[in-house]
Each structure stands twice: as structure tokens, then as C-alpha cells.
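We number each residue from 1, following the sequence as shown. Values reported hereafter were calculated over all heavy atoms of this structure, with side chains retained and with hydrogens, waters and symmetry mates removed.
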Amino acid sequence: MNCSHVPAIGAAWDQGKTETSYWAPIFRGFEFSKKWIADLKPDVVILVYNDHASAFSVELIPTLALGCAAEFKPADEGWGPRPVPVVKGHPELAAHIAQSVILDEFDLTIVNKMDVDHGLTVPLSLMFGQPKEWPCRILPLPVNVVQYPPPTGHRCYEFGKAIKKAVESYHEDLRIVIFGTGGMSHQLQGKRAGLINAKFDKAFLDNLVKNPRKVAKIPFLEYVREAGSEAIELVMWLISRGALENEVREVYRFYHVPCSNTALGHLILENKRKTKRKKR
Ligand SMILES: [Fe+2]
């Protein structure tokens with residue numbers, strides 16, 4: 001599941017504005033998705049997002065990291081923590097994934113304590129609403145897309161494949177959904193603030209489904225030039241795509257402009273064939 005993680009969506013939820021004329025079309029765009037994930041009943045969500053100077057800062061910027069703790073509290077981003085449940089992790093699965101991808105030569109940072117910000121909690125609200133407890137375990141997977149240089153699209157795609165391999169070799173049969181969040185068109189500052197390039201976004205969505213290797217070759221400057229400086233967050237969608245089979249079925253797509261001053265994109269993909277667990 002891929003979607004934007006615009007912080008204003010979380011504020012709209014928390015302030016009871018989901019039925020207003022501005023927000024209602026956006027939340028309606030996730031009605032199918034909420035039912036889809038409720039029917040699927042995942043045991044674990046691996047949630048690829050970026051931290052926005054909440055858990056990390058300019059003092060410490062891991063490129064690829066994984067939350068391996070038992071729980072993660074909602075971060076205070078300046079207005080107090082969002083009124084959402086504490087995230088329960090899955091330390092055993094996280095340790096397995098960390099071992100598998102590091103031995104596959106991805107130099108992952110292991111995070112045993114951190115708070116999680118809107119990058120992680122907004123997609124959860126969109127998919128699960130506001131329950132007392134999140135209905136599954138969640139593995140936070142923060143990626144640096146804040147300070148240059150972020151990981152390349154190709155690196156993200158290959159990292160997704162390493163995660164797939166790790167998940168398939170886990171001893172327990174779990175139902176796992178991976179979220180890739182962020183994007184789409186957005187530039188938050190300067191003369192081009194509010195830039196939207198729907199043509200770029202839609203081509204990105206089409207190619208992510210059918211030709212992810214082509215998407216993986218998009219250089220940083222193309223994201224920035226075509227879809228704005230914060231559109232670089234889209235490299236995170238390549239991690240979730242890499243974790244799927246090459247052949248996927250597009251289950252659902254939603255695209256809405258504007259959401260805050262961004263283009264909101266949302267895509268659900270499923271493997272065409274059932275993934276088999278491999279022997280450890
Ligand atoms: Fe973001």
C-alpha cells in the first residue's frame with residue numbers, strides 16, 4: 001500500500017474535520033482501502049516513511065533504519081503528540097529482517113528507541129481510522145529523504161527485494177503488508193511552493209505498477225525539477241514495490257489535488273501469485 005503522509009490529514013482527523021467539504025473527498029478516497037485492509041487482517045505492517053526531525057535531527061541521519069523495539073510512542077511535533085495509539089512493534093521479526101538485510105550487505109541502522117511522527121501515523125489513520133489500539137504489529141522503517149543525499153531509487157528498489165527475502169525466510173507464517181509512504185508532487189518552499197505535476201505523478205504510478213525498474217532509474221534531479229523538492233519522498237515507494245513480486249495486480253488507485261499544498265497519491269498492489277515461505 002502506498003500513500004502520501006501529509007501532516008494536515010492527521011490534524012483533520014484529530015480535529016474532527018473529516019466531513020468538511022475540503023477533507024471529505026480525500027477521506028472518501030480511502031473508504032475502499034479501509035475495507036480492503038480490514039478484510040485482509042494483516043499480522044504486521046512494515047511501514048516505510050521518513051522522520052521529519054522528530055526522532056532524528058541534523059545531528060544523526062540514518063539512511064535506512066528499522067525500529068526493532070517493542071513499542072514506539074507518537075512524537076510531539078510541536079503541538080503535542082497526536083492522540084493515536086502507541087505503535088506495538090515486533091522485535092523478533094524486526095531482528096530477523098535486520099540480520100537478513102545486513103548480511104545481504106544493506107547497512108541498516110538498528111533503532112531500539114524512537115518516537116514516530118506523522119510520516120508513520122497519518123498512513124495508519126487513513127487505513128485503520130482511529131481505533132483504541134492499532135489492529136496489528138507495526139515495524140517502522142525510516143528512510144532519509146530529508147538531507148541530501150537520500151538513497152537512490154535503485155537502492156530502495158533492491159532494498160525492498162532484500163526485505164522480501166527476509167520476510168519469506170521468517171519461521172512464522174505471518175500476513176504482512178508493506179506501506180511505502182510520502183510524495184507525490186510537492187514543494188513546500190520558495191518560488192515554486194505548491195508545484196503540482198499531475199502528468200509526472202500519473203506516469204510514476206503507471207510505471208511503478210508495470211515497469212518499476214524504469215522508475216528505479218529516475219535520478220534525484222528529475223524528481224526535484226518535475227515534481228518539487230519534497231517529491232523525493234517517492235523513492236520510498238520503490239522499497240514497498242521491490243518487496244512485491246515483479247508481476248502485480250493493481251487493486252486500487254486514488255489521486256487527489258490539492259491536499260494541503262501537495263498532490264495526494266494512493267496505490268494498492270497485490271502479488272499475482274501467493275508468496276511461499278522459504279526454508280531458513
Ligand atoms: Fe514527509
Side-chain angles (χ1 to χ4, degrees), residues 1-5 29-49 64 93 97 100-101 104 106 123-124 126-128 136 138-139 141 143 151-170 173-185 198-218 223 227 231 233-256 263-278:
M1 193 291 292
N2 301 288
C3 72
S4 311
H5 58 226
F30 284 81
E31 274 169 18
F32 170 89
S33 318
K34 285 164 85 170
K35 183 165 183 331
W36 173 80
I37 205 155
D39 291 345
L40 202 60
K41 294 187 183 60
D43 300 298
V44 179
V45 164
I46 299 173
L47 208 156
V48 182
Y49 73 110
L64 301 168
L93 174 63
I97 292 175
S100 182
V101 301
D104 270 344
F106 287 88
L124 291 177
L126 284 169
M127 294 301 285
F128 296 120
C136 60
I138 294 145
L139 297 194
L141 201 158
V143 176
T152 62
H154 175 256
R155 189 66 173 157
C156 288
Y157 186 58
E158 294 300 318
F159 182 51
K161 289 187 179 301
I163 291 171
K164 177 178 189 286
K165 184 176 159 194
V167 163
E168 287 170 355
S169 63
Y170 189 60
D173 192 9
L174 298 173
R175 182 164 294 191
I176 300 181
V177 176
I178 183 162
F179 287 12
T181 75
M184 297 193 81
S185 284
K199 198 173 162 207
F200 175 91
D201 290 342
K202 287 176 181 172
F204 182 94
L205 292 168
D206 290 342
N207 286 321
L208 194 72
V209 180
K210 294 190 185 121
N211 195 355
R213 289 210 173 274
K214 185 174 176 186
V215 180
K217 286 183 187 152
I218 299 176
Y223 286 104
E233 290 185 347
L234 284 170
V235 293
M236 295 187 285
W237 294 36
L238 280 157
I239 296 178
S240 51
R241 182 63 182 90
L244 297 179
E245 303 283 347
N246 293 336
E247 295 279 312
V248 292
R249 179 173 52 247
E250 181 173 336
V251 176
Y252 183 67
R253 184 191 294 210
F254 176 62
Y255 184 79
H256 180 89
L264 181 145
H266 174 37
L267 188 65
I268 296 178
L269 305 175
E270 285 179 1
N271 287 332
K272 278 195 178 164
R273 62 186 179 89
K274 197 171 183 291
T275 303
K276 289 205 177 91
R277 272 188 304 144
K278 301 203 169 100

Using distance only, find each side-chain donor-acceptor pair of residues 202-211 under 3.5 Å and give its atom names and separation, not counting sequence neighbours.
unit_1 : atom_1 : unit_2 : atom_2 : d
Asp206 : OD1    : Arg253 : NH1    : 2.9
Asp206 : OD1    : Arg253 : NH2    : 2.8
Asn207 : ND2    : Ala203 : O      : 3.2

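- Using a 4.5 Å heavy-atom cutoff, the side chains of Pro151 and Val143 are in contact.
- Rounding to the nearest 0.5 angstrom, the gap separating the CH2 atom in Trp237 from the SG atom in Cys3 is 7.0 Å.
- Across every non-hydrogen atom of Met236 and Val48, the tightest pair is CB-CG1, 3.8 Å.
- Nearest heavy atoms, Asp201 versus Met184: O-CE, 3.3 Å.
- Taking the side-chain contact (heavy atoms from CB on, under 4.5 Å) definition, one finds that Glu158 meets it with Phe106, His154, Lys161, Arg213, sequence neighbours left out.
- Residues Ala263 and Tyr255 share a closest heavy-atom pair of CB-OH, 3.3 Å.
- Between Phe32 and His266, the closest side-chain pair of non-hydrogen atoms is not below 4.5 Å.
- Side-chain contact between Arg241 and Val248: present, with at least one pair of heavy atoms (C-beta onward) separated by less than 4.5 Å.
- Atom CZ in Arg155 sits 10.5 Å away from atom CD1 in Ile239 (nearest 0.5 Å).
- A heavy-atom distance below 4.5 Å is found between the side chains of Met127 and Trp36.
- What you find for Tyr223 and Ala231 is that their closest heavy atoms are CD2-O, 3.8 Å.
- The backbone N or O of Lys41 lies less than 3.5 Å from no partner atom in the side chain of Arg175, so there is not a single donor-acceptor pair.
- Taken from OG in Ser4 to CD in Glu233, the straight-line distance is 8.5 Å, to the nearest 0.5 Å.
- Residues Pro42 and Val177 approach most closely at CB-CG2, 3.8 Å, considering heavy atoms.
- Taking CE from Met1 and OH from Tyr252, the interatomic distance works out to 12.0 Å, rounded to the nearest 0.5 Å.
- Salt bridge status for Lys164 with Glu168: present, with a side-chain N to carboxylate O gap under 4.0 Å.
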Query - From CA spacing to verdict: side chain to side chain contact (heavy atoms under 4.5 Å, CB included), Leu126, Ser33 - result: CA-CA 8 Å; Leu126 284 169; Ser33 318; over 6 Å; no
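- Contact check for Val167 versus Ile97: side-chain heavy atoms found under the 4.5 Å cut-off.
- With sequence neighbours excluded, the residues that form a side-chain contact (heavy atoms from CB on, under 4.5 Å) with Thr181 are His5, Leu47, Tyr49, Pro123, Phe179.
- Using a 4.5 Å cut-off on side-chain heavy atoms (C-beta onward), Ile176 and Leu93 make contact.
- To the nearest 0.5 Å, the span separating CD1 on Ile218 from CG on Leu238 amounts to 7.5 Å.
- Ring geometry, Phe30 versus Phe254: the interplanar angle exceeds 60°, so the pair is classed perpendicular (tilted spans 30 to 60°).
- Taking the charged nitrogens against the carboxylate oxygens, Lys272 and Glu245 have no contact shorter than 4.0 Å, which rules out a salt bridge.
- Shown here for Asp104 and Ala162, the closest heavy-atom pair between the two residues is OD2-CB, 4.4 Å.
- Taken from CZ in Phe159 to OG1 in Thr152, the straight-line distance is 12.5 Å, to the nearest 0.5 Å.
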